[in-house]
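Values in this document were obtained by computation on a predicted structure and should not be read as measured data. Per chain, numbering begins at 1; letters A, B, ... match sequence-line order.
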Amino acid sequence: MTLDLRIDGVAARLEVHRDGDRYRFRLGDRDERHAQLVEVEPGVYSVLLDGRSYEARAEPGDDCAWITLRGRRFQVAITDPRRWTRNSAAAHGHDRDNIVASMPGKIVRVLVNPGETVQAGQGVIVVEAMKMQNEMKARRAGRVSAVPVREGETVTAGTILATIE
Amino acid sequence: MTLDLRIDGVAARLEVHRDGDRYRFRLGDRDERHAQLVEVEPGVYSVLLDGRSYEARAEPGDDCAWITLRGRRFQVAITDPRRWTRNSAAAHGHDRDNIVASMPGKIVRVLVNPGETVQAGQGVIVVEAMKMQNEMKARRAGRVSAVPVREGETVTAGTILATIE
Amino acid sequence: MFRKVLIANRGEIAVRIIRTLREMGIASVAVYSDADRASLHVRMADEAAHVGPSPSSESYLRIERIIDAARAHGAEAIHPGYGFLSENAEFAAACAAAGLVFIGPSADAIGKMGSKTAARDLAMAAGVPVVPGMHHGARDADEAREFARGCGYPVLLKAVAGGGGKGMRRVDGDADLAAAFRDAASEAERAFGDAAVYVEKLIERPRHIEIQLLGDRHGHVIHLGERECSMQRRHQKIMEECPSPLVAAHPEMRRAMGEAAVRIARAAGYYNAGTIEFLVDARRNFFFLEVNTRLQVEHPVTELVTGLDLVRLQLEIAAGEPLPLRQEDVELRGAAIECRVYAEDPDNHFFPSPGRIAHLDRPAGPGVRLDSGVYPGCTVPLEYDPLLAKLAVWAGSRAEAAARMIRALDEYHVVGIKTNLGFFRQLLEDDQFRRAELHTGLVDEFLSRRPVPSDDAELQAVAALVAQAFLPVRTSIDKNRAGRNAWAAWRVAGRDDLLQ
Amino acid sequence: MFRKVLIANRGEIAVRIIRTLREMGIASVAVYSDADRASLHVRMADEAAHVGPSPSSESYLRIERIIDAARAHGAEAIHPGYGFLSENAEFAAACAAAGLVFIGPSADAIGKMGSKTAARDLAMAAGVPVVPGMHHGARDADEAREFARGCGYPVLLKAVAGGGGKGMRRVDGDADLAAAFRDAASEAERAFGDAAVYVEKLIERPRHIEIQLLGDRHGHVIHLGERECSMQRRHQKIMEECPSPLVAAHPEMRRAMGEAAVRIARAAGYYNAGTIEFLVDARRNFFFLEVNTRLQVEHPVTELVTGLDLVRLQLEIAAGEPLPLRQEDVELRGAAIECRVYAEDPDNHFFPSPGRIAHLDRPAGPGVRLDSGVYPGCTVPLEYDPLLAKLAVWAGSRAEAAARMIRALDEYHVVGIKTNLGFFRQLLEDDQFRRAELHTGLVDEFLSRRPVPSDDAELQAVAALVAQAFLPVRTSIDKNRAGRNAWAAWRVAGRDDLLQ
């Protein structure tokens, strides 16, 4: 069968034929490969490819899987045309950068105002969680388009703290 | 609710009232106890009873559960009247002792003949498995009522090799 | 020896203490908050007492509740571990008042040494060099600025009651001082309930090297050599070594720093385990930094190299026994390294990453020691320090120990939450670390030069193959199988819901 | 040093070798039979080669397939582990012929020492006392009986090609000899493809103490002290110690036995790692028993006490490097104990208990080393030796090590198959073991006096409570919850089916 994948946001076509735990597959326009794959523990896969042994761990994500092997992490989604367009947009949507709270916390100080321009690495907002104050920095230079939180406010995980364009 | 249990083959009545992870229970005619129980991992239970902390592991058996805690192993079954009679019979059926193959193997030598009397610990049959020869001994003295296997025969796990009465 | 001991702590250190208690045939009593009912230390202890709601201020920091629990369970002594009440003189005194043995130094010694300013006076009196700094908390930003100008920038703002880098700020000039002072004070207030902050001259690119002390209640004090703790992020140790590569190359330093540490301990009438921290500058001068009047997080590296069990020794000392060894009996063999494994996201400002551990593979084999407080399926609570485990290795040499740590990290997998395991993996391969050119700023420097992994078509192909096996796919051929695999993944989640 | 090494073995020893290879930056090639595709050593290796069907006679014992795999993967050397082809001179020669380095002694030395009778001649020539015995396999039961009468009963029948107690029988008089000879020969035939059996005088209640040897390819041979291996069942070691309590109490024995062992090795031109086994009688006389020309199962206790990595040393020696240490550099510190964890049922004649491991909790923490070949959900195959793991502990003294082992065993849980963990737990608390009054019959004596656990109403109550939570119950109130829990259990099973 043939699958449309998105690997770390980049579209790729996977052609795969399975016979028990043996696979014949071709990723994009690369050569066809032969591999053997066994799920040895739930979400843990042992893959033999050209005599090399790989152990990969899979976690479910939103509409995707996170695959970890040899210390590397890959986001892989199986896409259908409709979803593809949306996701590819997001994948290529590098024109804006949201600073997001990765866990619940309290806003201690807001260091920038909407409209200001910031340098990469410049402090944007100070959040306290788990008894530690963390200064969230801008990952890239740009203009602060939004700071939807106020000092003293408690935020939940996933809350957008600031947006840089 | 009240349950008829069989603990290591002995009948016992368990009266138990549950409120979340808190339990009020009475085993047989003992005093009522208060305990807290949490399944911390699948089949692994943390029990707090009178301030003491117990960790128990449960495995499914035939019509019963095997409970291991503090190095001890208990067989516990929840019985209904019909099953109860059958099981109690089995539980008390100490008048015959089957020597059973616990895994596949090959009969190397049969050391006794039906009708012979054997002493506790006397060798009855030699089985070879996993490259080791194991002499199966009589657990108790008695008369050999049956030896349903022949030398050279391969047996599967659970096969009765000899019966002592 | 005691028959029953209560551990006034949680997580990996509670588990580590329970292990030695069990080996000594002493019954253990765990304490737990609402968030910790299913935690490993409760599962492993012989007895357990609930001491309140999840916030530590309402449970693990409540002196009276801890002491009531010890009384109710008939414990004769209390081990405070590290953090929480471990350096709280009031708690030590309360234990004594309740007829319980506090496994640590006297309340008096904690009082003398717990305050950084008082401890510095003590060190100076003992003829040990100290870093120039204020002798008391600054009244306000102005007084702090005044002193900073006097000794010259850069300076450090530090919490008087502080520890673990909390309430600490570097200031490079007048301009930043006011804001830094405000942040440090508020952080100190939150962390220690005391906003007092003082100023100290900052030594550039120093090493952090500390001496492990051991003293019995009969006046006998020895040291167990040093630990190199220069690998820090935001003033928090993340990786420690024994011996210090610098001291190993200059053994006379061990003798000098060890003797200085013992002098300070004697001057304070100190007993049980303790640690004297020093800063060492580029010319190998050492300056007294502070005292930790408790067992250190990083004690395993000293245990691996000396062959001693520090918790066992703490218990013997607390029970009034004399030290079983003299200074000349202390022998260092080989090299040990420890990594502090945190639930945090190195790719997102090292932000804490609490949550449920869906899958866990632990390293083992030759020379690997894991002190862990978690298990597969457990939930890492939001309320506490996100230390999951300490991974320590021992080998004949530092290079072999580093290689062994990399091997162990490769065997270590935590699925469901983010950890800093991969970060350590990179750090251990850093040339400057391998050359042992260490200083407390090395980790931050490394972060700026941290290598970006290159694309790997081979791994990408394997990932694609695994993903198609793992994800449910809408095709006739693979429906059942793929569906089943995805199910498996969801069953893991579903299963863990039962643990709530 | 080699760039890539193939491991001609499986299970825990393959995993243990892979770990050192990884630490040395050497790529590892695993081999596997049909039964081992999902085994841990295949998961952990960098590369893997299939070498045949499940029976070892068609896979792990197939010399040409192993060598083909090494060639196909570009390995430069082969580590044989223990068992399988590790003491097969033909295999060592075949490696050499194929231009591969055999990580072990020369084929010539294996030939000389592999045959028990030849090895005994060698020992006698080196002036090392031996147990009276035949110098060749017995033609038949009559010749065996003749010799037995000569040296006097009791005697031992032993396989000429033997090892690990296979093909070994005790005979107390003429009457039993014929049957025992038949059994020993048939077992020897099956185990080694050689039915030859010889007779040896039996020393009553002996200790089994062995010396670890290490020799480089430049004629330099040293010993790493002894191991006490008297804890045996059916002539198989189940628990080993370093140092031997007897030798620790009489250090002159270490020197005498060590020098005797080195003399034998020199006489045979022996290099790489090897072990000389001795029997020691009640008057502390020692007799040469046999040579093991490979890494021992129990090597971890020597590693823990000497601080050396024997597999690393084996690789360095095989690569032609000189020994990195002299005899006087070998230092023993503290005490180590190892338990061989088997899938077997102590309550049913220790019958092997292969199958699926449904749940696995592993011990960790201070002084605990686990060398395991299994993981949760894996299946222990029927085809091979049922050794699951080796649990070793180190501590400052033997008593502390024993207490630590008990603690570690209490943390170790294998659900789904039977193991001997609980048996070790009892054995470690046996007075005779604690007093270190060891001999090779101690375990059998212990089995006859093995304590029967008394009823415990408290534990019974807990078990009842847990069972009602675990088992599905036909009542309205608890239906869902109980149902769910039982489901959880069945899901475990169902999940594991995916692993087939």
Check your understanding: Considering residues, nucleotides and ligands other than A:Glu32, do more than 12 of their heavy atoms fall under 6.0 Å from its CD?
Key -> yes
Study note, to complete from the structure: Listed by number, the residues in residues 421-429 of chain C that come under 4.5 Å of chain A (heavy atom to heavy atom) are none
Check your understanding: Which heavy atom in A:Leu5 sits nearest to a heavy atom in C:Ala464, and how many Å separate them?
Key -> CD1-CB, 3.7 Å
Review point. What is the minimum heavy-atom distance between A:Glu59 and C:Gly416, and which atoms define it?
Key: OE1-N, 3.3 Å
Review point. Can you tell me if A:Arg30 and C:Gln460 form a side-chain donor-acceptor pair at under 3.5 Å?
Key: yes
Review point. Above 12 or not: heavy atoms from other molecules or residues under 6.0 Å from CG of A:Asp50?
Key: yes
Review point. Does atom CG of C:Asp347 have more than 12 heavy-atom neighbours, drawn from other residues, nucleotides or ligands, at distances under 6.0 Å?
Key: yes
Study note, to complete from the structure: For C:Gln232, the side-chain hydrogen bond (donor to acceptor under 3.5 Å, both in side chains) test, sequence neighbours excluded, returns C:His208
Study note, to complete from the structure: Tightest non-hydrogen contact, residues A:Gly43 and C:Phe470, listed as CA-CE1, 4.4 Å
Check your understanding: Should we say atom CZ of C:Arg449 is surrounded by more than 12 heavy atoms from elsewhere, each under 6.0 Å from it?
Key -> yes
Point to revise | Distance, nearest 0.5 Å, that separates CE of A:Met136 from NE2 of C:His349 | key: 4.5 Å
Practice item. Return the set of residues passing side chain to side chain contact (heavy atoms under 4.5 Å, CB included) with C:Ser33 (not counting sequence neighbours), or none when no residue passes. Key: C:Ala35, C:Asp36, C:Ser59, C:Tyr60, C:Tyr384
**Study point:** Rounded distance (nearest 0.5 Å) linking atom CG of C:Asp361 with atom CD of A:Glu55
**Key:** 6.5 Å
Check your understanding: Between A:Ala56 and C:Val466, what is the shortest heavy-atom contact and its length?
Key -> CB-CG2, 3.8 Å
Review point. Which residues satisfy the ring-ring contact (aromatic ring centres under 6.0 Å, His included) test with A:Phe74, sequence neighbours excluded?
Key: none
Check your understanding: Side chain, backbone, both or neither: which part of A:Val126 has an atom under 4.5 Å from a heavy atom of chain C?
Key -> neither
Check your understanding: Measuring from C:Leu465:CG to A:Tyr45:OH, what's the distance to the nearest 0.5 Å?
Key -> 10.0 Å
Check your understanding: Does a salt bridge link A:Arg33 with C:Glu458, judged by any charged N lying under 4.0 Å from a carboxylate O?
Key -> yes
**Study point:** Residues C:His413, A:Val44; criterion side chain to side chain contact (heavy atoms under 4.5 Å, CB included); working and verdict
**Key:** CA-CA 11 Å; C:His413 303 281; A:Val44 183; over 6 Å; no
Check your understanding: Salt bridge check: are C:Asp456 and A:Arg70 linked by an N-O gap of less than 4.0 Å?
Key -> no
Exercise for review: Mind ranking A:Thr68, A:Val76, A:Leu69 by heavy-atom pairs under 4.5 Å with chain C and telling me who comes out on top?
Suggested key: A:Leu69
Review point. Looking at CZ of A:Arg57 and NE2 of C:His359, how far apart are the two atoms once the value is rounded to the nearest 0.5 Å?
Key: 5.5 Å
